[in-house]
There are 2 protein chains.
Amino acid sequence: MARKSGSSSEKTRPLVRAAALRLFAQGGYAAVSMRQIAAEVGVQAGALYRYTPDKQSLLFELMRVHMEELLVAWAEAAPQGTPLERLDAFVRFHIHHHMDRAEAVFISYMELRNLTPENFAVIEGMRAQYERVLEDILTDCGADTDGKLTTLAVLAMLTGVNTWYREGGRLDRAAVADSYVGLVRRLVSATA
Amino acid sequence: MARKSGSSSEKTRPLVRAAALRLFAQGGYAAVSMRQIAAEVGVQAGALYRYTPDKQSLLFELMRVHMEELLVAWAEAAPQGTPLERLDAFVRFHIHHHMDRAEAVFISYMELRNLTPENFAVIEGMRAQYERVLEDILTDCGADTDGKLTTLAVLAMLTGVNTWYREGGRLDRAAVADSYVGLVRRLVSATA
DNA sequence: AAATGAATTGAACACCTGTTTAATTGCAAC
DNA sequence: GTTGCAATTAAACAGGTGTTCAATTCATTT
């Protein structure tokens with residue numbers, strides 16, 4: 001019979017994920033050992049294999065869940081309205097969502113090359129989905145620019161925030177988002 | 001007496017650098033072993049230590065030289081002219097320079113955390129110098145925006161090109177640079 | 001209290017890590 | 001042709017790698 005309330009396993013799994021997230025973000029996938037992760041959880045290395053089939057899956061699941069949450073969060077937050085309103089909303093959404101998940105974002109950008117080809121393809125597909133979200137909005141905005149190029153330019157700009165934004169800095173989250181809304185608006189406006 | 005022409009050492013050193021550059025870019029600093037680098041050069045691992053005191057210095061030198069070349073190249077290419085002309089020139093310079101050095105650029109962004117604190121500080125200082133170049137230009141452009149924020153936004157946008165640009169793709173180098181000049185011009189233009 | 005099965009340990013596996021060093025090779029100078 | 005030194009090798013060092021598994025502990029159910 002299944003236990004009525006959470007088994008030890010069900011409580012430990014999130015701890016393993018959290019430890020892996022923190023350590024991978026800090027030191028990089030290749031530089032972090034299963035024994036380090038285990039130590040962070042307070043367990044021996046062998047015990048980790050009750051929660052993940054291997055180290056690679058640990059990384060992959062971190063990235064897959066992150067991308068899934070990103071897509072779901074946008075699907076739930078995506079507003080109706082004029083193309084420009086939706087563009088504003090996307091900029092704010094992206095910045096806030098990414099600020100709240102700095103470690104997962106960092107891993108998802110830095111550890112792509114440590115995925116097996118199959119796992120890489122999955123993540124890449126989800127990333128393409130997210131890029132399409134912005135591309136479609138930009139198309140609706142009717143910018144006279146190269147849609148794909150502008151999409152990638154804007155996304156690079158927005159994601160770049162994570163490399164310098166720190167809580168408690170000169171600008172707070174809302175101020176940063178406001179500034180980028182302004183930047184992106186100008187970016188997509190027709191040339192004078 | 002010193003040899004008249006280049007010793008074997010002087011011919012091998014660049015090969016070691018090139019192998020390390022390629023392998024670090026491909027697999028990441030932590031995932032690449034000295035034995036792999038040595039194999040690529042066609043030598044035993046121990047022989048590498050005639051060309052570098054240790055693995056860390058190999059990485060650091062790659063990044064330091066890259067940043068130095070970047071700063072020197074701009075110093076030599078930097079034109080006079082109106083602020084907007086200088087901004088255009090910077091955008092073109094940055095994109096072309098980075099396209100030509102994809103591996104070094106990649107390493108310089110991805111392997112920062114694998115530097116010792118002292119080495120990190122050096123690279124970070126050089127990066128700050130380069131950021132100031134653009135910040136000064138933007139200031140001269142008299143944009144009514146937050147100068148530091150705009151600087152980082154533009155740099156993230158420009159450097160992002162390296163994540164998707166591939167030679168032989170839909171757009172050639174010049175077309176990409178032209179597009180980004182347009183994007184950046186709009187970005188810094190006053191709001192309507 | 002006894003039984004059950006999940007959770008965990010600790011040791012072992014085969015192999016890889018960066019780095020050092022004595023011994024050897026290779027090559028230019030005399 | 002011998003000397004002398006730079007370049008290289010092969011082996012060793014101490015320790016770390018991801019992963020497996022028999023043995024043990026632990027907590028719950030009966």
Side-chain angles (χ1 to χ4, degrees), chain A residues 1-21 23-24 26-63 107 111 113-119, chain B residues 1-21 23-24 26-63 107 111 113-119:
Chain A
M1 283 253 163
R3 317 252 169 131
K4 281 196 186 144
S5 63
S7 65
S8 164
S9 161
E10 282 163 31
K11 292 175 217 152
T12 307
R13 174 167 280 111
L15 296 182
V16 173
R17 295 180 58 91
L21 184 72
L23 289 174
F24 286 166
Q26 215 165 79
Y29 174 77
V32 171
S33 72
M34 294 298 271
R35 283 169 182 82
Q36 282 176 62
I37 298 171
E40 194 85 351
V41 180
V43 99
Q44 290 300 113
L48 292 181
Y49 290 82
R50 201 146 300 269
Y51 305 103
T52 182
D54 48 32
K55 194 188 177 191
Q56 165 73 202
S57 303
L58 210 46
L59 174 64
F60 174 59
E61 276 304 296
L62 249 27
M63 296 175 70
I107 288 174
E111 306 296 354
R113 63 174 158 198
N114 287 310
L115 292 174
T116 62
E118 303 80 33
N119 289 345
Chain B
M1 282 256 161
R3 316 254 167 127
K4 279 192 185 149
S5 64
S7 63
S8 163
S9 160
E10 281 163 33
K11 293 176 219 152
T12 306
R13 174 168 279 110
L15 296 183
V16 172
R17 295 180 58 91
L21 183 72
L23 289 174
F24 286 166
Q26 215 164 82
Y29 174 76
V32 172
S33 71
M34 294 298 272
R35 283 169 182 84
Q36 283 176 61
I37 298 170
E40 194 84 353
V41 179
V43 98
Q44 290 301 112
L48 293 180
Y49 289 82
R50 201 148 301 270
Y51 306 101
T52 182
D54 49 32
K55 194 188 175 190
Q56 165 73 202
S57 303
L58 210 45
L59 174 64
F60 174 60
E61 276 303 297
L62 249 28
M63 296 175 70
I107 289 174
E111 307 295 355
R113 64 175 159 195
N114 288 309
L115 292 174
T116 63
E118 304 80 34
N119 290 345

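Values below: all heavy atoms of this structure, side chains included; hydrogens, waters and symmetry mates excluded. Below, chains carry the letters A, B, ... as their sequence lines are ordered, and counting in each starts from 1.
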So what does A:Val41 hit on the nucleic acid, given a heavy-atom distance under 4.0 Å: a base, only sugar-phosphate, or nothing?
-> nothing
Here the distance between atom P of D:dG18 and atom CD of A:Gln44, to the nearest Å, is 14 Å
State which of C:dG18, D:dA10, D:dT8 makes the closest approach to the side chain of B:Tyr49.
-> C:dG18
To the nearest angstrom, the CG-C1' distance between A:Leu58 and D:dG18 comes to 12 Å
Report yes if a donor N or O on one partner sits less than 3.5 Å from an acceptor N or O on the other, where the partners are the side chain of A:Arg35 and the base of D:dG16; otherwise report no.
-> no
When the distance from CD of A:Glu10 to P of C:dT8 is rounded to whole Å, what number comes out?
-> 12 Å
Starting at atom NZ of A:Lys55, determine the distance to atom P of D:dG18, rounded to an integer number of angstrom.
-> 4 Å
A:Glu40 side-chain N/O to A:Val16 backbone N/O, donor-acceptor pair under 3.5 Å = no
Mind calculating the distance between CZ (B:Arg50) and C1' (C:dT20) to the nearest angstrom?
-> 12 Å
Apply the test side-chain contact (heavy atoms from CB on, under 4.5 Å) to residues B:Tyr29 and B:Gln56: give CA-CA distance (whole Å), side-chain angles for both, the deciding distance (0.1 Å), then the verdict.
-> CA-CA 9 Å; B:Tyr29 174 76; B:Gln56 165 73 202; 3.8 Å; yes
Starting at atom CE of B:Met34, determine the distance to atom C1' of D:dT8, rounded to an integer number of angstrom.
-> 15 Å
Should B:Ser33 be listed as having a side-chain N or O under 4.0 Å from OP1 or OP2 of C:dT17?
-> yes
Could you state the CD-P distance from B:Gln56 to C:dT17, rounded to the nearest angstrom?
-> 18 Å
Using whole Å, report how far CG of A:Asn114 lies from C1' of D:dG18.
-> 14 Å
Output, in order, the C-alpha distance, side-chain angles, deciding distance and verdict of side-chain contact (heavy atoms from CB on, under 4.5 Å) for A:Val43 and A:Thr12.
-> CA-CA 10 Å; A:Val43 99; A:Thr12 307; 5.8 Å; no
OP1 or OP2 of C:dT8 less than 4.0 angstrom from a side-chain nitrogen or oxygen of A:Tyr51, does that happen here?
-> yes
Within the distance-only criterion (no hydrogens, no angle test), does the side chain of B:Thr52 pair as donor or acceptor with the backbone N or O of B:Lys55 below 3.5 angstrom?
-> no
